[in-house]
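Order of the sequence lines fixes the chain letters, A, B, ..., with proteins taken first and strands second; residue numbering starts at 1 for each chain.
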2 protein chains.
Amino acid sequence: MGDSTQQLDRAFAALADPTRRGIVARLSVSDATVGELAEPYDVSFQAISKHVKVLEEAGLVTRSKDAQRRPVHLNREAFDPMTEWIERYRREAEERYRRLDALLARTAQDDGDRRPAEEQES
Amino acid sequence: MGDSTQQLDRAFAALADPTRRGIVARLSVSDATVGELAEPYDVSFQAISKHVKVLEEAGLVTRSKDAQRRPVHLNREAFDPMTEWIERYRREAEERYRRLDALLARTAQDDGDRRPAEEQES
DNA sequence: ATTGTCCTCAACTCATTGGTTGAATACAAC
DNA sequence: GTTGTATTCAACCAATGAGTTGAGGACAAT
């Protein structure tokens, strides 16, 4: 089980929680302390601290140390593996669909040409 | 809490599992029955059935009914909300970064021009 | 040095999840 | 109708996850 696999596990899992997605959205505007991040939510401060930790372990954010504050910063590049993974298979399925579609179009044309003759099996 | 939020929850959570990502990758090649999907894995058949159910509830796959088989089919469009969500905030952070960068560049130039005079506050 | 602020760590609860096995269902084929 | 095949459902278990509260650590300010 490769490391990139585990990294994808963690990144996708991190974004599966609405609170954590909210935190990411907030951080896209500016860096923020845990206190600032917690403010809009109706849960304990510590719960938000945990959420930030999950995001950090997924590599999606980093924390620097400024006196007693730990400003949280969005790690933009860390989102790429997810979109790349999704887009890869989405595109593959899309291409298969187009091939199938083309095949069906050809078959439909064949229907007009030959199929009536072939239906005489009954 | 909107429905789209819950849908994102489920979609991201569904992709957070390597087995389920493997199933999606397999389905990008062609539709498959649960039995075919289970074959490469070293877990029980029922476990894979459950995984497929999770993918289905996330809207990422659909199952049709062909006799006793339930061929599983990838629902390509269902992946878009995820990439759109990620790209939205990724892009927002990117723009902020560029603005900050430009600001820093200006400030650096100001340093050369005016800053020495302004430092006379002490 | 004491106090207040910002934050993390530890221990606990409760719900969810991924896995198991053992039925039960649905259909084809004989 | 019996058998075989493909699949789901139900009950259970162990591990993980999101939440809580209570304590402790690091630093600034007085």
Side-chain angles (χ1 to χ4, degrees), chain A residues 1 5-27 30-74 82, chain B residues 1 5-27 30-75:
Chain A
M1 205 158 293
T5 296
Q6 230 178 317
Q7 211 51 32
L8 272 182
D9 287 4
R10 280 196 266 251
F12 277 125
L15 293 190
D17 183 284
T19 303
R20 284 193 295 261
R21 284 200 308 277
I23 291 174
V24 167
R26 166 66 185 79
L27 289 173
S30 77
D31 293 3
T33 66
V34 178
E36 288 163 348
L37 290 174
E39 197 273 319
Y41 295 100
D42 197 22
V43 296
S44 75
F45 183 82
Q46 291 94 318
I48 300 297
S49 181
K50 272 188 175 187
H51 280 306
V52 172
K53 192 179 185 183
V54 171
L55 288 167
E56 189 181 28
E57 279 164 354
L60 300 180
V61 306
T62 57
R63 274 186 278 198
S64 33
K65 187 166 183 165
D66 162 32
Q68 74 268 52
R69 284 141 197 273
R70 311 286 141 77
V72 185
H73 175 78
L74 206 62
M82 282 184 285
Chain B
M1 206 161 290
T5 297
Q6 230 179 320
Q7 210 51 33
L8 272 182
D9 286 4
R10 282 197 264 252
F12 278 125
L15 293 190
D17 183 284
T19 303
R20 285 194 293 263
R21 284 200 307 277
I23 291 174
V24 167
R26 166 67 185 77
L27 289 173
S30 77
D31 293 2
T33 66
V34 177
E36 288 163 349
L37 291 173
E39 197 272 321
Y41 296 99
D42 197 23
V43 296
S44 75
F45 182 82
Q46 291 96 317
I48 300 297
S49 181
K50 273 188 175 184
H51 279 306
V52 171
K53 192 179 185 181
V54 171
L55 288 167
E56 189 180 27
E57 279 164 354
L60 299 179
V61 307
T62 56
R63 275 186 277 200
S64 32
K65 188 168 184 163
D66 163 32
Q68 74 270 52
R69 284 140 197 273
R70 312 284 142 77
V72 186
H73 175 77
L74 206 62
N75 187 16

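The phosphate of D:dA18 has OP1 or OP2 within less than 4.0 Å of a side-chain N or O from A:Arg20. Under 4.0 angstrom from either OP1 or OP2 of C:dC27 there lies at least one side-chain N or O belonging to B:Lys65. Under 4.0 angstrom from either OP1 or OP2 of C:dG19 there lies at least one side-chain N or O belonging to B:His51. Put simply, B:Ser44 has no side-chain N or O that comes within less than 4.0 Å of OP1 or OP2 on C:dG19. A close approach under 4.0 Å does occur between a side-chain nitrogen or oxygen of A:Lys53 and OP1 or OP2 of C:dC9. Under 4.0 angstrom from either OP1 or OP2 of D:dA6 there lies no side-chain N or O belonging to B:Thr33.
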Identify all side-chain donor-acceptor contacts of residues 13-23 of chain A below 3.5 Å with residues at least two apart in sequence or on another chain.
| residue | atom | partner | partner atom | Å |
| --- | --- | --- | --- | --- |
| A:Asp17 | OD1 | A:Thr19 | N | 2.8 |
| A:Asp17 | OD1 | A:Arg20 | N | 3.2 |
| A:Arg20 | NE | A:Ala14 | O | 2.7 |
| A:Arg20 | NH1 | A:His51 | ND1 | 3.2 |
| A:Arg20 | NH2 | A:Ala13 | O | 3.2 |
| A:Arg21 | NH1 | A:Leu15 | O | 2.7 |
| A:Arg21 | NH1 | B:Asp9 | OD1 | 2.9 |
| A:Arg21 | NH2 | B:Thr5 | O | 3.2 |
| A:Arg21 | NH2 | B:Asp9 | OD1 | 2.7 |

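As a whole-Å value, the separation of A:Ile48 CD1 from D:dT21 P is 14 Å. B:Leu15 places its CG atom 15 Å from the P atom of C:dT17, with the value rounded to the nearest Å. Between the CG atom of A:Leu37 and the C1' atom of C:dC7 there is a distance of 12 Å, given to the nearest Å. Here the C1' atom of nucleotide C:dA28 and the CZ atom of B:Arg70 are 13 Å apart, to the nearest Å. The distance from atom CZ of B:Arg10 to atom C1' of C:dT17 is 15 Å, rounded to the nearest whole Å. Rounded to whole angstrom, the span from the CG atom of B:Leu55 across to the P atom of D:dT8 amounts to 12 Å. Between A:Phe45 atom CZ and C:dG4 atom C1' the separation is 14 Å, expressed in whole Å. Distance CZ (B:Arg21) to P (C:dG18): 12 Å, rounded to an integer number of Å.
For the pair A:Glu57 and A:Gln7, the tightest heavy-atom approach, listed with the atom from each and the gap, is O-NE2, 3.8 Å. In terms of heavy-atom proximity, A:His73 sits nearest to A:Asp31 at ND1-OD1, 2.9 Å.
B:Asn75 places no side-chain N or O within donor-acceptor distance of the main-chain N or O of B:Thr62, the cut-off being under 3.5 Å.
Here the side chain of B:Asp17 is nearest to one of C:dG18, D:dT20, D:dT7, namely C:dG18. Checked against D:dT8, D:dG19, C:dG19, the side chain of B:Thr19 finds its nearest nucleotide in C:dG19.
Both B:Gln46 and B:Val54 lie close to DNA chain C; mapped to their nearest nucleotides by heavy-atom distance, the more 5′-ward contact belongs to B:Val54. In terms of position along DNA chain D, the nucleotide closest to B:Ser49 lies nearer the 5' end than the nucleotide closest to the other residue of the pair A:Asp42 and B:Ser49. Between A:Lys50 and A:Arg63, the residue whose closest nucleotide on DNA chain C is further toward the 5' end is A:Arg63.
A:Lys50 has its side chain out of reach of A:Val43: every pair of non-hydrogen atoms, C-beta onward, lies at least 4.5 Å apart.
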